Amino acid sequence: MNRAFNFSAGPAALPTAVLERAQRELLDFQGTGMSIMEVSHRGSTFLAVAEAAEARLRSLMGISEEYAVLFLQGGATMQFSAVPLNLSTPGQTVAYVNTGAWSKKAIKEAGRYANVVVSASSEGENFTTIPERASWNVPSDAAYLHVCANETIGGVEFPEAPDAGGVSLVGDFSSTILSRPIDVNAWDVIYAGAQKNVGPAGLTLVIVKRELLDRARSDIPALLAWKGFADEDSMLNTPPTFSWYLAGLVFEWIEQEGGLAVMAERNERKAKTLYAAIDASDFYTAPVDQAYRSWMNVPFTLPDPGLDKPFLAGAEAAGLMNLKGHRSVGGMRASLYNAVGQDAVDALVAYMADFEASHG
Ligand SMILES: *Cc1c(COP(=O)(O)O)cnc(C)c1O
């Protein structure tokens, strides 16, 4: 078997041990003679899988019973609509910090349903930093303050929860959830598409303070209202059963590896390895402000965009896959999610040194 070093931003690498276990269990799940994809989501076999996954996620992240944990579909993008529809009244003020492409999309969607105030923006700095908290304008009557905890495209990460100025704090954690321990209690809503650090595409996690569930508008689609899902254990309709099952295996893998503290140690070391190599060279450049550099997504550029193609071709030949930067920023991007090992980063750094030596 030949597993590539996969730096994809999403859908992204999954732990090999998880895929092997899914493979072993695929045709005959726990002696049922059926795969987990082939049984009712309301039957005891799947319910046990679903409950175990939620319990493990709660334990890994330290999520109290004050929060509902929802297993949904529609991606983080659907939550861009669900957040204003569940938390604000029509035309009410909602506050957003604009730190990059995903913030912008969330802002645009919220503007369809509410009066968006952009509390702060780093667009003028080409999204390479986070504006100082003291400069933010968070109206006290805002229904909530929304931030993107990690900008997957720009590689800008909040190192900790910002001060929400007394309003509810909502975070898009799609590309940073489970990468390190966080203080869940600092947040009112955390949401994340699964395909970066949780499991396969098709599943979306929402962790929401139960006391907020009654704030939803009454006329929204049932499948966008968090309360219905909270009341029905995320089984308002057929959930993405296979993705839920696989996410449960990923949670179990993280637990066995030592939990989020161990993930954080590994992720910090991987990120440091790569940023240090970039900073030590005059050839590669990491554009993001050191204080806000993402552990998960590392964008970097070469001195001449004409070198991008040969860099990528050589990388692929060396088994280093999916390093092309997002089309909106160009250059390279290495995503270093939990399933990407230190060995992958070491191989990347060695390749980068070789490439610099032959092209610098
Ligand atoms: C990937 C991503 C999204 C979009 O997720 P979908 O599941 O494709 O809707 C939103 N926000 C962030 C931060 C992301 O990384």
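None of the values given here were measured: they were computed from a predicted structure. By convention here, the first residue in the shown sequence is residue 1. One-based numbering, in listed order, for ligands and for the atoms of each.
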Checklist entry - Does the side chain of L302 reach to within under 4.5 Å of the side chain of M332, using non-hydrogen atoms? => result yes

Next on the checklist: Measuring centre to centre across the rings, with the benzene-like ring taken for any Trp, is Y96 within less than 6.0 Å of Y144?
Outcome noted: yes

Checklist entry - Of all the atoms in ligand 1, which lie at a distance below 4.0 Å from a heavy atom belonging to N150? => result 13 (C)

Checklist entry - So among T152, N297, N322, N6, which one has a side-chain hydrogen bond (donor to acceptor under 3.5 Å, both in side chains) with S335? => result N297

Next on the checklist: Against ligand 1, does T204 come closer than 4.0 Å with any heavy atom?
Outcome noted: no

Item to check | Atoms in ligand 1 flagged as close to T152, the criterion being non-hydrogen separation under 4.0 Å | outcome: 12 (C), 13 (C), 14 (C), 15 (O)

Next on the checklist: So does E66 get a backbone contact from the side chain of S64, meaning a donor-acceptor N/O pair under 3.5 Å?
Outcome noted: yes

Checklist entry - At a 4.0 Å cut-off, with the gap strictly under it, does some heavy atom of C148 reach an atom of ligand 1? => result yes

Next on the checklist: At under 4.0 Å between heavy atoms, is it the side chain or the backbone of T77 that contacts ligand 1, or both, or neither?
Outcome noted: both

Checklist outcome for this item: When rounded to the nearest 0.5 Å, the distance separating CZ of R133 from OG of S119 is 8.0 Å

Next on the checklist: Just to be sure I read this right, does ligand 1 sit under 4.0 Å from the backbone of F80, its side chain, both, or neither, counting only heavy atoms?
Outcome noted: side chain

Checklist outcome for this item: Going by the 4.0 angstrom heavy-atom rule, the piece of A76 near ligand 1 is both

Item to check | Ring-face cation contact, W102 with K196, 6.0 Å cut, 45° max | outcome: yes

Checklist outcome for this item: Near G75 (heavy-atom distance under 4.0 Å), the atoms of ligand 1 are 7 (O), 9 (O)

Next on the checklist: Can you confirm if the aromatic rings of F46 and Y245 lie within a centre distance of less than 6.0 Å?
Outcome noted: no

Checklist entry - So which protein heavy atom does atom 11 (N) of ligand 1 come closest to, and at what separation? => result D172 OD2, 2.6 Å

Checklist entry - Which ligand 1 atoms does K196 reach within 4.0 Å, using its non-hydrogen atoms? => result 1 (C), 2 (C), 3 (C), 14 (C), 15 (O)

Item to check | contact_flag Q195 ligand 1 heavy-atom lt 4.0 Å | outcome: yes

Next on the checklist: Is a donor from one side chain sitting under 3.5 angstrom from an acceptor on the other, for S175 and N150?
Outcome noted: yes

